[in-house]
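First up is the structure itself, then whatever we jot down about it.
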Amino acid sequence: MEPGSDDFLPPPECPVFEPSWAEFRDPLGYIAKIRPIAEKSGICKIRPPADWQPPFAVEVDNFRFTPRIQRLNELEAQTRVKLNYLDQIAKFWEIQGSSLKIPNVERRILDLYSLSKIVVEEGGYEAICKDRRWARVAQRLNYPPGKNIGSLLRSHYERIVYPYEMYQSGANLVQCNTRPFDNEEKDKEYKPHSIPLRQSVQPSKFNTYGRRAKRLQPDPEPTEEDIEKNPELKKLQIYGAGPKMMGLGLMAKDKTLRKKDKEGPECPPTVVVKEESGGDVKVESASPKTFLESKEELSHSPEPCTKMTMRLRRNHSNAQFIESYVCRMCSRGDEDDKLLLCDGCDDNYHIFCLLPPLPEIPKGVWRCPKCVMAECKRPPEAFGFEQATREYTLQSFGEMADSFKADYFNMPVHMVPTELVEKEFWRLVNSIEEDVTVEYGADIHSKEFGSGFPVSDSKRHLTPEEEEYATSGWNLNVMPVLEQSVLCHINADISGMKVPWLYVGMVFSAFCWHIEDHWSYSINYLHWGEPKTWYGVPSLAAEHLEEVMKKLTPELFDSQPDLLHQLVTLMNPNTLMSHGVPVVRTNQCAGEFVITFPRAYHSGFNQGYNFAEAVNFCTADWLPAGRQCIEHYRRLRRYCVFSHEELICKMAACPEKLDLNLAAAVHKEMFIMVQEERRLRKALLEKGITEAEREAFELLPDDERQCIKCKTTCFLSALACYDCPDGLVCLSHINDLCKCSSSRQYLRYRYTLDELPAMLHKLKVRAESFDTWANKVRVALEVEDGRKRSLEELRALESEARERRFPNSELLQQLKNCLSEAEACVSRALGLVSRQEAGYGGMSPHRVAGVQMTLAELRAFLDQMINLPCAMHQIGDVKGILEQVEAYQAEAREALASLPSSPGLLQSLLERGRQLGVEVPEAQQLQRQVEQARWLDEVKRTLAPSARRGTLAVMRGLLVAGASVAPSPAVDKARAELQELLTIAERWEEKAHLCLEARQKHPPATLEAIIREAENIPVHLPNIQALKEALAKARAWIADVDEIQSGDHYPCLDDLEGLVAVGRDLPVGLEELRQLELQVLTAHSWREKASKTFLKKNSCYTLLEVLCPCADAGSDSTKRSRWMEKELGLYKSDTELLGLSAQDLRDPGSVIVAFKEGEQKEKEGILQLRRTNSAKPSPLASSTTASSATSICVCGQVPAGVGALQCDLCQDWFHGRCVTVPRLLSYPRPSPSSSPLLAWWEWDTKFLCPLCMRSRRPRLETILALLVALQRLPVRLPEGEALQCLTERAISWQGRARQALASEDVTALLGQLAELRQRLQTEPRPEEPPIYSSELASDSLREGNGKDMPKIWSCCPRCCHS
């Protein structure tokens, strides 16, 4: 038994190569390079460089193809043998009207072929029964022991296989007077068995398993009732020749069996028959033994038996017809009612003469043993693939393929492991139970459908990228016709060999074991899709593989000797490996090549939907294999694809076009071919054939020049006959042409025996031209004749090799290297001479020195030129330069020995050395001496007292330059001084940096000391300079402070604040700064106190604006707009309205004059505003007339109605809800012990609008306290000046008020008021005096017209004098 799918072990991997870009550029060269390794495996895989990705050039929309149908279990050789055997045994029973059903044993289909084969190997049926070895048969079939399987197998063998084997061996035929009969004629009426041919079955849909053979489907068991209905079936026993022989299980199709002799001999029944509903009868068991033995066997047969059908033929009723026949067994014609007429050959047999005899005439069609055996032994039809009926596009085929794979494995196609697909493939291939059918788009012609690679033709324009791939040697359209390829010399486009074939695969679609036509190479490229799994066998094991397959499946090769050339047969690699055949495998992924080598068997299958392209190619090393292949084809009588002789002769006709390796290989093949042709033509002469005529075989179609015996395609010669013009033979089969006389036969030849050696000689010249050339090169390179060749002669040899396309041998490489070296020497010598001339011509020494060579290199260069096998006149020039350099070297040594020399002499020597163009060791010493002198001069100039001080960077640069100068005592001393000076300078620079950056500032004296000490350092120090500038600024700041404080007036606050800001930024500790900061802080404190005294909470005015008079108070609109702008922060200050600039604020006299002028303007403005507003209509009047001069409230609306209030100062009206209402009672309710109540004229009813009341009105005592504090300040504030003016104004008004109150009129009035008040106080008070609220007071004020109530003046600070 073959191993199951779970037992499949993948073969080892084939070699995988990854060429570099340099190797990849020569395809056939790289394949030749890897051939020693790769051909040992038969196949190999090549991964191109990662960025080699040719575009897919197939027109997908127009690509349509019809695939082949593949049934997997028919591909495998051993499985196909089993299926063929089942077909034959099924035909055996069906010929006789029965149908075969294969039984199940241990829940699996019984392998009838293996059972039959093992029985034969174990000695045959009788021997096994005699030795009771059926258990061993069961063991060999891999059935478990201990279940009495052997008896069951014996039962099935006896019922199904044994009768067929008897017919095959002819054991049931006895010696009789037989006559020959024409089987073909007699079998015209035969209809094949009901099992359809496997090649003609349509593929199943891909959503389930493929077709299952009908013989594998279980049938319903017949019932006992069916058997009871037909009494004839009960009497069935061992019948004679026919379908019921040896106790077959029978099912009668015609239940009315005719029986001639009902009183016939009674035989023990050995079969039990069951009748089925379809008219068939199922036989449970049978045996050629006694009834008792059969009975015992039946008791151990639990498995269902095989069912077969038959029809019994009715005997002829015509007595005269029967009398004309005699029995073929006994040659008697008596008992005609017992004669059976065969429906195949019309022979007659007595039913009792048959072995074993028949009890009665069978009903229906009956065939004799001869006809049954002849039909069963008819060879099967050659196996091949049929085409599908559906045409696909790439898209539709891909959808079908992906759907099939996804459904089969029940997972997405890209997630199915390759190992699982491989195991399942070989399981299906080896299974006779499961029929899975797939489709494969194979051998699609790229000429018709288009190649997957870009192709240079006139059909469409290619992009630059496509053009690159269209000409690549790895393009499968280009590789077969490369210069090193043999196939480029074949004019015809051989499809599949010179022209690629395309392959569109799906999962399980396979290509069977085969070797390429003419044993050529093949190369396969997978454009895209899922991997393709390959198996390969090396050429050394090709015959071994063929022997193993013939040994394991001889039945296939008996009917098809060239079976392996049909590409229709697989065999499990594990089976081949178990018989010693070396097999390798690989998974070819998209973008990878697989190459098969000559006569390397290969096969494989696809893992899924993919697109591949393949073609053949042949190289020079293939030629011997190609010749051996022709001999192999001749033995197999297989047609050739092309004539190997024609190919060799065509290449020999133009040897100059051949690659040298190819020419040598063709010469070798041509020599063997000419020798063979001489031998064959000599044999022809010995036979007596002397007639001959020339024939241009290459102009004939291949089918007109093929040997009728071996089918080879003739080219050099052939034997023909004048009387039989339709055929010819090659000279290897001259005795198989015809029976005509030799005098009628004649030779048809392409070349005479004199022309062939001439062609051979041309090949030899071409092949040996390399040797002649090589001798010339060897003599020239080794100077064997003592004469050096010129460069022109060596170039001529190299050009000859290129023109004749000699191989890139080691000798050619030596010649190229010699030429390259000589040309480099000439170029170098010319450059040396030209540089020397340029140096003497005044070219820059730096340019000359940039390309100098050393003296040692010059001597080595001269030796190199002398040792080269090439004559160069530049050798003399180089010698002259060497002499000049040596003379200069001696002069330089003398100058260095007399040190200290003058710098001018050293510099002149150095310049002369540079002009030589060669670097002399003494010149380097001169250069060091010059560099030392230059550096020391630079140090002296930098540190000289009269020189400008250098920076730290300059000092560091001198130190760095000194490090590169050659050491000497003077240089070391100068470097030490420089280093010490740099260290001191950096230390002072760091100290200055700390002074500039330190949080604790140093006093000017300390900084002056640091600067004074740093001045002694002859280096420019940036931080010391910055410290100097800071100190100068500090001194200037102190001077400014002294100037301000020594002036006529105290300094203004703004000036002090500016000085404080400047002083804080200076990195110098200043005592004056602390004093100024204290003065500024005291001034700010006084200003803040004054602001709290005068300014309301969240006031929009500044203190200075409140203290200054309002110069434009006379304009109501201006006043109102100013108030709104103040609220919005847009209005200018009152100091600006007074015309005071920043400079004026510093002069007390200017402030006082401006204040006085502002007071006068404010008085005049207020009076004018009062007159204007008094003229406006009152909103309290019962009727008002429309007027343009109407009061406008702060809200922008006209005040009207009872709720309006009038300002006591500006006389303008406002809404009561928009302004603050005055309080009528400014004191709390009095108690009995408190002072008496205020009189009505003492009520606080003064109302000032927001436009007039801009600030608080502190008491004069508070203001005087502020003025006292102001006098202590050593700082002048504008607010202080304004407060002084305001205070003077208030005191002046107070004096005038007191004077007015002291007048007689006012004194009299005040006395009257006092009396009135006394009187009011003496009046009895109500128990609950009315409580006056501000609302009642305001209402009482609104009820009157304002004329009957006394006006109590109230003014803002700026208006208090009016």
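If you're wondering where the values come from, they're calculated on a predicted model, not measured in any experiment.
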Self-check item: Donor-acceptor side-chain pairing of Trp519 and Gln628 below 3.5 angstrom
Solution: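 Side chains of Trp519 and Gln628: no pair found under 3.5 Å.
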Self-check item: Residue pair Lys532 / Asn524, side-chain donor-acceptor N/O under 3.5 Å
Solution: no
Quiz prompt | ring pair (Phe, Tyr, Trp, His ring centres under 6.0 Å) partner of Tyr525, the single match among Phe593, Tyr503, Phe611 | solution =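 So the option named by the test is Phe593.
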Check: [Y] and [X] side chains under 4.5 Å, non-hydrogen atoms:
X: Leu728; Y: Arg748; result: yes
X: Leu462; Y: Val455; result: no
X: Leu482; Y: Val478; result: yes
X: Cys649; Y: Leu716; result: yes
X: Asp443; Y: Arg68; result: yes
X: Leu680; Y: Ser717; result: no
X: Trp534; Y: His602; result: yes
X: Glu467; Y: Ser456; result: yes

Quiz item: ring-ring contact (aromatic ring centres under 6.0 Å, His included) between Tyr722 and Tyr746: does it pass, once the steps are laid out?
Solution: CA-CA 8 Å; Tyr722 293 115; Tyr746 65 98; 4.2 Å; yes
Can you measure from [atom1] ([X]) to [atom2] ([Y]) and round to the nearest 0.5 angstrom?
X: Leu570; Y: Trp513; atom1: CG; atom2: CH2; result: 8.0 Å
X: Ile708; Y: Leu719; atom1: CD1; atom2: CG; result: 9.5 Å
X: Ser522; Y: Ile43; atom1: OG; atom2: CD1; result: 9.5 Å
X: Ile31; Y: Ile595; atom1: CD1; atom2: CD1; result: 3.5 Å
X: Thr690; Y: Leu747; atom1: OG1; atom2: CG; result: 10.5 Å

Using a strict cut-off of less than 4.0 Å between a Lys/Arg side-chain nitrogen and an Asp/Glu carboxylate oxygen, indicate whether [X] and [Y] qualify as a salt bridge.
X: Arg750; Y: Glu698; result: yes
X: Lys650; Y: Glu645; result: no
X: Arg787; Y: Glu793; result: yes

Practice problem: Check Glu516, Glu39, Glu543 against Arg599 for a salt bridge (Lys or Arg N to Asp or Glu O under 4.0 Å) and give me the one that passes. | Solution: Glu543
Quiz item: Should the pair Phe24 and Trp52 be assigned to parallel (<30°), tilted (30 to 60°) or perpendicular (>60°) ring geometry?
Solution: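 Rings of Phe24 and Trp52: perpendicular, as their planes differ by over 60°.
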Practice problem: Name the orientation class of the two ring planes belonging to His445 and Trp501 (parallel below 30°, tilted from 30 to 60°, perpendicular beyond 60°). | Solution: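 His445 vs Trp501 ring planes: perpendicular.
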Could you pull out all residues at least two apart from [X] that satisfy side chain to side chain donor-acceptor pair (under 3.5 Å)?
X: Glu691; value: none
X: Gln484; value: none
X: Asn775; value: Arg778
X: Ser451; value: Asn477, Glu613

Quiz item: When you look at Lys762 and His667, which way does the side-chain contact (heavy atoms from CB on, under 4.5 Å) test go after all the steps?
Solution: CA-CA 9 Å; Lys762 289 181 181 180; His667 176 264; over 6 Å; no
Quiz item: Which residue pairs pass the salt bridge (charged side-chain N to carboxylate O under 4.0 Å, His left out) test with at least one member in residues 716-742, sequence neighbours excluded?
Solution: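 Residue pairs with at least one partner in residues 716-742: Asp723-Arg744.
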Quiz item: Which residue pairs satisfy the salt bridge (charged side-chain N to carboxylate O under 4.0 Å, His left out) criterion with at least one member in residues 621-634, sequence neighbours excluded?
Solution: Arg35-Asp621, Arg627-Glu669, Glu631-Arg634
Quiz item: Within the distance-only criterion (no hydrogens, no angle test), does the side chain of Lys709 pair as donor or acceptor with the backbone N or O of Asn735 below 3.5 angstrom?
Solution: no
Self-check item: Close aromatic pair by centroid cut-off 6.0 Å: His518 and His644
Solution: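 So the answer is no for these two rings.
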Quiz item: Taking everything shown except Arg694 itself, do over 12 heavy atoms lie less than 6.0 Å from its CZ?
Solution: yes
Self-check item: Flag if over 12 foreign heavy atoms under 6.0 Å of NZ, Lys776
Solution: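 No - once you tally the heavy atoms of other residues, nucleotides and ligands closer than 6.0 Å, there are 12 at most.
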List the residues meeting salt bridge (charged side-chain N to carboxylate O under 4.0 Å, His left out) with [X], not counting sequence neighbours, and say none if there are none.
X: Glu704; value: none
X: Arg25; value: none
X: Glu23; value: Lys33

Quiz item: Among all residues two or more places apart in sequence or in another chain, which pass the side chain to side chain contact (heavy atoms under 4.5 Å, CB included) test with Asp703?
Solution: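 Partners of Asp703 by the side chain to side chain contact (heavy atoms under 4.5 Å, CB included) criterion, ordered by chain and then number, come out as Pro701, Gln706.
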Exercise. Just jot down the side chain to side chain contact (heavy atoms under 4.5 Å, CB included) partners of Pro582, sequence neighbours excluded, or say none.
Key: Pro538, Ala541
Quiz item: What's the verdict on ring-ring contact (aromatic ring centres under 6.0 Å, His included) for Tyr521 and Phe597, showing C-alpha distance, side-chain angles and the deciding distance?
Solution: CA-CA 5 Å; Tyr521 287 84; Phe597 288 82; 5.4 Å; yes
Quiz prompt | side-chain contact (heavy atoms from CB on, under 4.5 Å) between Ser643 and Cys714, worked out | solution = CA-CA 7 Å; Ser643 171; Cys714 300; over 6 Å; no
Practice problem: Begin with the C-alpha distance, continue with both residues' side-chain angles, and end with the deciding distance and a verdict on salt bridge (Lys or Arg N to Asp or Glu O under 4.0 Å) for Glu798 and Arg802. | Solution: CA-CA 6 Å; Glu798 195 266 343; Arg802 184 173 56 258; 2.8 Å; yes
Self-check item: Glu676 vs Arg679, salt bridge (Lys or Arg N to Asp or Glu O under 4.0 Å): CA-CA, chis, key distance, verdict
Solution: CA-CA 5 Å; Glu676 180 68 12; Arg679 184 185 66 80; 2.3 Å; yes
Practice problem: Show your working on side-chain contact (heavy atoms from CB on, under 4.5 Å) between Cys710 and His733 and close with a plain yes or no. | Solution: CA-CA 8 Å; Cys710 64; His733 300 100; 3.4 Å; yes
Quiz item: Does the salt bridge (Lys or Arg N to Asp or Glu O under 4.0 Å) test come out yes or no for Glu646 and Arg705, once each step is laid out?
Solution: CA-CA 12 Å; Glu646 180 181 354; Arg705 53 177 175 142; 3.0 Å; yes
Exercise. Using the ring pair (Phe, Tyr, Trp, His ring centres under 6.0 Å) rule, collect all pairs that involve residues 695-717, keeping only residues at least two apart or in two chains.
Key: none
